Amino acid sequence: MKEKPENFTAGIHNDDYENEYLQTRLDASILVNTAGRKTESLNGKWSFAADLYDTCRRQGWFRQERLNAEGRELPLDFDWESHERITVPSSWNLQKPELYYFEGFGVYSRTFRYAPRVKGERLLLRFEGAAYRTTVFLNGKIIGTHDGASTPFNADITDIVKEDNRITVSVDARRSPLRLPMENTDWFNYGGIYRDIYLVRLPSAYIKDWFVRLSPDDASVILADVYTLNSDGSSSNGKAFIEIPELGICQEIDVKNGKGDARISANAQLWNPKNPKLYDVKLTFNCDASGSNAGSGDCSGSDCRSESNHYVDTVSDRIGFRTIKVKGHEIFLNDKKIFLKGICVHEDHFKLGKTTNEEIIRRTIRDLKEMNGYYLRLAHYPHDPRFARIADEEGVLLWEEIPVYWAAAFSNDGTYADAENQLTELILRDRNRASVIIWSIGNENPDTDARFSFMSRLAQKAKAIDSSRLVSAACLINHHKLLIEDRLEKFLDVIGINEYFGWYDPDFEKLPKILENSKPGKPVLICEFGADARLGQRGTEDELWTEDKQKKVYEQQTETFKKCPYIAGTTPWILYDFRCPRRFNSYQEGFNRKGLIDADRVTRKPAFFVMREYYGSF
């Protein structure tokens, strides 16, 4: 170990200061399913400072050490109470003009009070999304660090929380070639705590996760898995009970070493876009604190739970039951062939940035349905968890994606670990959502050996966590051979293809040749196609950036799709214009203008009606 000089000052000389904060990772291994639990929000006004030099972590602001070892007062470089106030959740870029392009560190702080309500209560701190690396501190202690801008994370803070508390959060929004997404993307890099933060009270033994779905092989069987924990992190034993009152189901599940599962015969109405039927599902766990199974197992009454044991935990959710399969080059929902009529959408709003709310989500779905669609590709990262819940209610099918984007660092072990963790957090968050039918593991990657290894491992990981859904990726066409060709295909259930013939490649006639040359043997989803058009810009069909050119490209594309038997769905790029700081000609002005609706999310372009007619024709 290298000896430090006597005049070494950690706050200014320690280049490895971050290692201290990376020792405790807030990752998928400790993620708790919070569905159906009461929460206490920490949203609102927080103190905030743009921390350009990461001084909070370098000098340990979170420790709030106001006196030195001799008891003398120190001159501090921060003052939480005098910092400006910022709304949480929000994208900090839209809170003040000078933060618009800010991509550095931001430090947040606030206080909260806490009083336990029952003996042995655990307290969970939950973030639904903060971009990108988030380090959390409570009462001067390091809680842990999470990587990934768009997936949830949590920490058990029971042993640190007090009656009066100060929480401090350092958020690092920098782009990096080793992060996901990488430094070179095609959308705006919003930073900050932009999704909900809340507290969850848990009993001393609790349900960590649960997964309920139809058997992929038998639509008359519901599969239920339950995972439990004790307060010390050890696996717990006992009895779980799953109840679906409308189906007359009350089934006991033995839980041993923290896991239990059941196969339950049922005659459920199958969830589909025309009838998005949801059932109230409740799961109760009675912990065996004494070493013998708790719970009577008597399911003859109206409530099959036994509360004879003190350690009882109950969660609930509304769940739809459906199957999704591939046969040949066709996709089947509930054993009925389906063509996925959809469109891509970014989580980008002209006022709120990457922050959203229920009204925005429902408005997005209304716009989709006006176009005669019922399928959305949520690009290029996990969207707000409310989206899938509302899609369940509205009968909308979803493609959900992680940001393994363009030329990610496929040879870097840390980057792969980040990708696998983000994928796992996404799947654990949304695998009880009937609306989600496809997990996507990436977008527009080059077919290199390193990428093949990286992506194939992700595909296998997705299947290991959830074998009831399809796995895909948005791939690129081989432009030299004029062929759909990607080694990753053998690990995918459906092949996603992005193509921009008529736009980035002006020679549209290549597209029908490619479709004719290709014999994929699997369903193909056209994940992206389209052209830019500035709202109100008119001209000839041959003039770039006009609504007329965009409309012509859509007419050519849709006519070509009709003639290809293995295309099983389309999601043109994109529903709304969105911010993109790599696009600055006189028509784009910092926006990607491929939207079928302007950035105002109201005004339709002519190509919108081309897609509406196309989807309405079958």
Side-chain angles (χ1 to χ4, degrees), residues 14-28 49-58 91-93 99-108 127 129-136 142 144-153 169-195 346-348 353-354 379-382 401-426 440-446 448 450-451 453-455 457-458 579-583:
N14 185 8
D15 289 335
D16 298 325
Y17 73 95
E18 192 176 35
N19 291 339
E20 176 184 7
Y21 306 116
L22 301 181
Q23 298 306 306
T24 304
R25 290 287 191 165
L26 306 178
D27 59 20
D51 186 11
L52 276 68
Y53 298 103
D54 195 18
T55 312
C56 176
R57 297 197 304 170
R58 286 181 183 273
S91 299
W92 67 40
N93 314 78
L99 293 175
Y100 188 75
Y101 285 120
F102 181 61
E103 295 184 315
F105 293 86
V107 58
Y108 297 77
F127 290 71
Y132 173 88
R133 172 167 285 174
T134 307
T135 306
V136 184
I142 301 168
T145 296
H146 177 264
D147 280 350
S150 304
T151 49
F153 59 98
V169 183
S170 173
V171 180
D172 172 9
R174 295 174 300 170
R175 289 172 292 123
S176 162
L178 300 182
R179 291 183 173 179
L180 295 169
M182 59 169 299
E183 61 184 342
N184 182 26
T185 72
D186 201 11
W187 65 90
F188 199 95
N189 184 35
Y190 292 107
I193 304 174
Y194 73 100
R195 290 184 185 157
H346 255 302
E347 195 173 45
D348 186 297
K354 213 166 180 292
H380 283 296
Y381 39 75
E401 185 165 305
I402 60 170
V404 180
Y405 190 80
W406 286 2
F410 295 113
S411 298
N412 184 274
D413 291 340
T415 304
Y416 177 78
D418 188 3
E420 185 177 285
N421 186 68
Q422 289 190 45
L423 177 66
T424 303
E425 288 173 336
L426 170 61
S440 171
I441 55 175
N443 180 75
E444 293 185 354
N445 314 122
T448 64
R451 176 264 195 175
S453 172
F454 189 108
M455 298 283 276
R457 283 182 285 159
L458 284 180
R579 288 184 179 88
C580 181
R582 62 186 294 132
R583 300 174 182 271

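Note that the structure is a prediction, hence the values are computed from the model and not measured.
Inspection of the Y194 and S150 side chains reveals an N or O donor paired with an N or O acceptor under 3.5 Å. Side-chain atoms of Y132 and R175 form no donor-acceptor pair, as typed in the model, at a separation below 3.5 Å. Checking T145 against T135 by side-chain atom types alone, a donor-acceptor pair falls below 3.5 Å.
Remark: Y101 OH is packed, more than 12 non-hydrogen atoms of other residues, nucleotides or ligands lying under 6.0 Å away. By the 6.0 Å contact criterion, CG on D413 is open, its count of non-hydrogen atoms from other residues, nucleotides or ligands being 12 or less.
In this structure, the ring of Y405 has its center less than 6.0 angstrom from the ring center of W187. Remark: aromatic rings of F188 and Y100 are close, center separation under 6.0 Å.
Closest approach of H380 to E401, counting heavy atoms only: ND1-OE2, 2.8 Å. Nearest heavy-atom pair across G191 and A173 is CA-CB, 3.9 Å. Looking at every heavy atom in both residues, A409 comes nearest to L178 through CB-CD2, 3.8 Å. N19 approaches Q23 most closely through the heavy-atom pair O-NE2, 2.9 Å. Residues V404 and A419 share a closest heavy-atom pair of CG2-CB, 4.0 Å. Nearest approach of P446 to F410, heavy atoms of both residues: CD-CE1, 4.3 Å.
With S91 contributing its side chain and K354 its backbone, the two residues share a donor-acceptor pair below 3.5 Å. N412 places a side-chain N or O within 3.5 Å of a backbone atom of T415 that can act as its donor or acceptor partner. Side-chain atoms of T55 do not come within 3.5 Å of backbone N or O of R58 as any donor-acceptor pair. Within the 3.5 Å criterion, the main-chain N or O of A407 finds no donor-acceptor partner in the side chain of N184. For D51 (side chain) and C56 (main-chain N/O), a donor-acceptor pair under 3.5 Å exists by modelled atom type.
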inquiry  = As a quick check of understanding, evaluate side-chain contact (heavy atoms from CB on, under 4.5 Å) for D54 and S170, giving each step before the final call.
reply    = CA-CA 8 Å; D54 195 18; S170 173; 3.8 Å; yes
query = V169 and I193: side-chain contact (heavy atoms from CB on, under 4.5 Å), yes or no, with the steps?
reply = CA-CA 9 Å; V169 183; I193 304 174; 4.0 Å; yes
message = Applying side-chain contact (heavy atoms from CB on, under 4.5 Å) to W406 and D186, what does each step give before you reach the verdict?
response = CA-CA 10 Å; W406 286 2; D186 201 11; 3.8 Å; yes
request  = For R57 and E18, run salt bridge (charged side-chain N to carboxylate O under 4.0 Å, His left out): C-alpha distance rounded to whole Å, both residues' side-chain angles, the deciding distance at 0.1 Å, then the answer.
outcome  = CA-CA 7 Å; R57 297 197 304 170; E18 192 176 35; 2.8 Å; yes
inquiry  = side-chain contact (heavy atoms from CB on, under 4.5 Å), that's the test. Do L52 and F102 meet it? Break it down for me.
reply    = CA-CA 9 Å; L52 276 68; F102 181 61; 4.0 Å; yes
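One finds the OH atom of Y416 at 10.5 Å from the CE atom of M455 (value rounded to the nearest 0.5 Å). The structure places CD1 of I402 at 7.0 Å from CG of L180, a figure rounded to the nearest 0.5 Å. From Y381, atom OH reaches atom OG of S440 across 13.5 Å, with rounding to the nearest 0.5 Å. A distance of 9.5 Å separates CZ in F454 from CD1 in I441, rounded to the nearest 0.5 Å. Once rounded to the nearest 0.5 Å, the distance linking CD of Q422 with OG1 of T151 reads 5.0 Å. For the atom pair CG (N421) and CG (L426), the distance works out to 11.0 Å, reported to the nearest 0.5 Å.
By the 4.5 Å heavy-atom criterion applied to side chains, R133 and Y21 are not counted as neighbours. Residues P403 and P382 are in side-chain contact: their nearest non-hydrogen atoms beyond the backbone lie under 4.5 Å apart.
Checked against D147 for a salt bridge (Lys or Arg N to Asp or Glu O under 4.0 Å), the options R25, R179, R174 give a single hit: R25.
Considering only residues two or more places apart in sequence or on other chains, F105 meets the ring pair (Phe, Tyr, Trp, His ring centres under 6.0 Å) condition with none of them. In this structure, the ring pair (Phe, Tyr, Trp, His ring centres under 6.0 Å) partners of H146, at least two apart in sequence or on a different chain, are F153.
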